[in-house]
2 protein chains.
Amino acid sequence: MTQGSKSAREFLESYNPGDYPSIALTADLVVFAVSAGTLNVALVRRGGHPFKGALALPGGFVGPEESAEQAARRELAEETALDLGSLPVHLEQLATYTHPDRDPRMRVVTVAHLALLATDGTVLPEIAAGSDAAAAAWHPVHHILSSNELAFDHQAILQEGLKRLAGKMEYTTVAARLLPEEFTLTQLRTVYDAVWDTALPAGNFTRKMMPHLTDTGRKARAATGGAPAALFTAADRHIHPPLANPGTNPAGNQASKPASKVKGLV
Amino acid sequence: MTQGSKSAREFLESYNPGDYPSIALTADLVVFAVSAGTLNVALVRRGGHPFKGALALPGGFVGPEESAEQAARRELAEETALDLGSLPVHLEQLATYTHPDRDPRMRVVTVAHLALLATDGTVLPEIAAGSDAAAAAWHPVHHILSSNELAFDHQAILQEGLKRLAGKMEYTTVAARLLPEEFTLTQLRTVYDAVWDTALPAGNFTRKMMPHLTDTGRKARAATGGAPAALFTAADRHIHPPLANPGTNPAGNQASKPASKVKGLV
DNA sequence: CGAATAGTGTCTTTTAGACACTATGTA
DNA sequence: TACATAGTGTCTAAAAGACACTATTCG
């Protein structure tokens, strides 16, 4: 009931399909996960031209009966072999890239998405599940961004994804989507430090973040020989006032005082 | 060098053009302007089916050699007859709407854009320049949103545009893009009040906003019989810490005190 | 016990927010 | 002069930020 060249021919006063070359619509993914205090992104190695051998974001075509988000979720499931039905994966639209020459083969319009996978902070999710030849693998984000080796305009997309995540962590609890359902405040602070490239003071972070979380009453077993930390859950909610990200403070702010000695959140 | 069915046939291992119905790519516009303390949006009345007679966002097809942003800028120029070369119009991508059934005629993917036009706060820019049959006209945003009479999914797009604008005004000087190059703090505060639906206290607004603006040294002539206000310009910059929008403060925040008696910014 | 971590206490400095007040213009 | 607005001063309460301190658990 929706597509087909017949209805396309009837389309609007101004639309003439012959005037418009065919467009390929794809959904690309910026998939993040944290491990060992480092933010990682899932990348595939390209097997064909152009950019043969280069790294690229995973993605694929949007099917005729899919929305871009549905396609992104499907691609994510295929790429990671994770059960997205049960696992609450955060997925949101990032931006759409439409430059006519962004792919030399034809007009490819990509709707980029941001996906956050949960880890316990140490082990990255299994991807590259062997099935696909061009399987994805994890790469440290800050390393990839500085080495500038991504295919197409994927460097810009990745940058946008990091910016979105870092920004949203200021005023939402979205960082918790990079952790298991239940997590400790130290785990959550580790996520902030990985994404923001900061070293936030633990005491103040706890005080400021705790009101926005739900205490499960349970305790994590103390792994390293300290007091056992409380386990929290987080609903997706706004944080007000927002947490300050020292990394993005405007340096050239005339009315600002000299920065304090330590990177200080909160 | 980019498009054509020949290169499309060579496209990737997985792409088979026959599997994908043709896609129309359009750029839609959420155009805002402020007048008399009210935020307005430019809308066209639809002449054809579907949604004949209903209001809709202006927009049009993305040409084969255009990016979506270029198409949006072109549509904006055609719709408003404004000289976008000289006038600094704020234009940014909002989001992309890809639901397969969002247009009953065929698959239409729309990249929605947010555009901000400058006014002196009283007179709306001339649109509906007579040339086009389906010319745009201004409508108060809050009225449109409550009456829910927009075609397609344009209600959701408009809502997203307002949300983006209101949010960005918390941490940038983007509100100045709805005013002339030089403006007074009262004009700027009027923009905030129109978008946020607030009544911010003038004194504190001035104190908090001034450090982020540039004083031109010039004065506006006092229109209503008061002291003449200083004229400022604003570069696009971040505001830190962000201004608080009382309208979006989380009401159900367990750790929050009862709200103060007056809507209070800053 | 000693080491390491969690979470709270507390002190100082800064900011928010309410509101008064003075200066400067118009009618 | 009467009035209206611009911008600053000022006071109080709250929050930020730095850092100390106690409690708890592991080895």
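Reckoned from all heavy atoms, side chains included, excluding hydrogens, waters and symmetry mates. Naming convention: chains lettered A, B, ... in sequence-line order (proteins, then strands); numbering from 1 in each chain.
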Phosphate-side-chain proximity, Lys208(A) and dA15(D), N/O vs OP1/OP2 below 4.0 Å: no
Mutual orientation of the aromatic rings belonging to Tyr192(A) and Phe205(A) [parallel < 30°, tilted 30-60°, perpendicular > 60°]: perpendicular
Between dG7(C) (P) and Phe205(A) (CZ): distance, integer Å: 11 Å
Could you list the protein-to-nucleotides 25-27 of chain C atom pairs, N/O on both sides, closer than 3.5 Å?
from    : atom 1 : to        : atom 2 : distance (Å)
dG25(C) : N2     : Gly225(B) : O      : 3.0

Sugar-phosphate, base or nothing in reach of Thr184(A), heavy atoms under 4.0 Å: nothing
Protein-nucleotide distance (Asp215(A), atom CG; dA6(C), atom C1'), rounded to Å: 12 Å
Pair Arg164(B) + Glu160(B), salt bridge at N-O below 4.0 Å: no
Length of the CZ-P vector between Arg189(B) and dA6(D), whole Å: 7 Å
Distance in angstrom units between Arg218(B) CZ and dT24(C) P, rounded: 21 Å
Separation of atom CE in Met209(B) from atom C1' in dA16(C), rounded to whole Å: 15 Å
Between C1' of dT10(C) and CG of Asn204(A), the distance in whole Å: 12 Å
Interatomic distance, Lys219(B) NZ vs dA23(C) P [rounded to whole Å]: 14 Å
Rounded distance (Å) that lies between atom P of dA14(D) and atom CZ of Arg207(A): 16 Å
All side chain to side chain contact (heavy atoms under 4.5 Å, CB included) counterparts of Ala220(A), not counting sequence neighbours: Thr184(A), Leu231(A)
Below 4.0 Å: OP1/OP2 of dT8(D) and any side-chain N or O of Thr206(B): no
Short side-chain donor-acceptor distance under 3.5 Å, Asp28(A) and His154(A): yes
Intermediate values then yes/no, side chain to side chain contact (heavy atoms under 4.5 Å, CB included), Asn245(A) and Met169(A): CA-CA 9 Å; Asn245(A) 177 353; Met169(A) 279 167 52; over 6 Å; no
Test log, rule side chain to side chain contact (heavy atoms under 4.5 Å, CB included), inputs Ile157(B) and Leu150(B): CA-CA 10 Å; Ile157(B) 300 178; Leu150(B) 294 188; over 6 Å; no
Sugar-phosphate only, base, or nothing, as touched by Ala230(A) at under 4.0 Å among non-hydrogen atoms: sugar-phosphate
Intermediate values then yes/no, side chain to side chain contact (heavy atoms under 4.5 Å, CB included), Trp196(A) and Glu170(A): CA-CA 10 Å; Trp196(A) 285 358; Glu170(A) 294 188 25; 3.4 Å; yes
Toward the 5' end of DNA chain C, by each residue's nearest nucleotide, Pro242(B) or Gly203(A): Gly203(A)
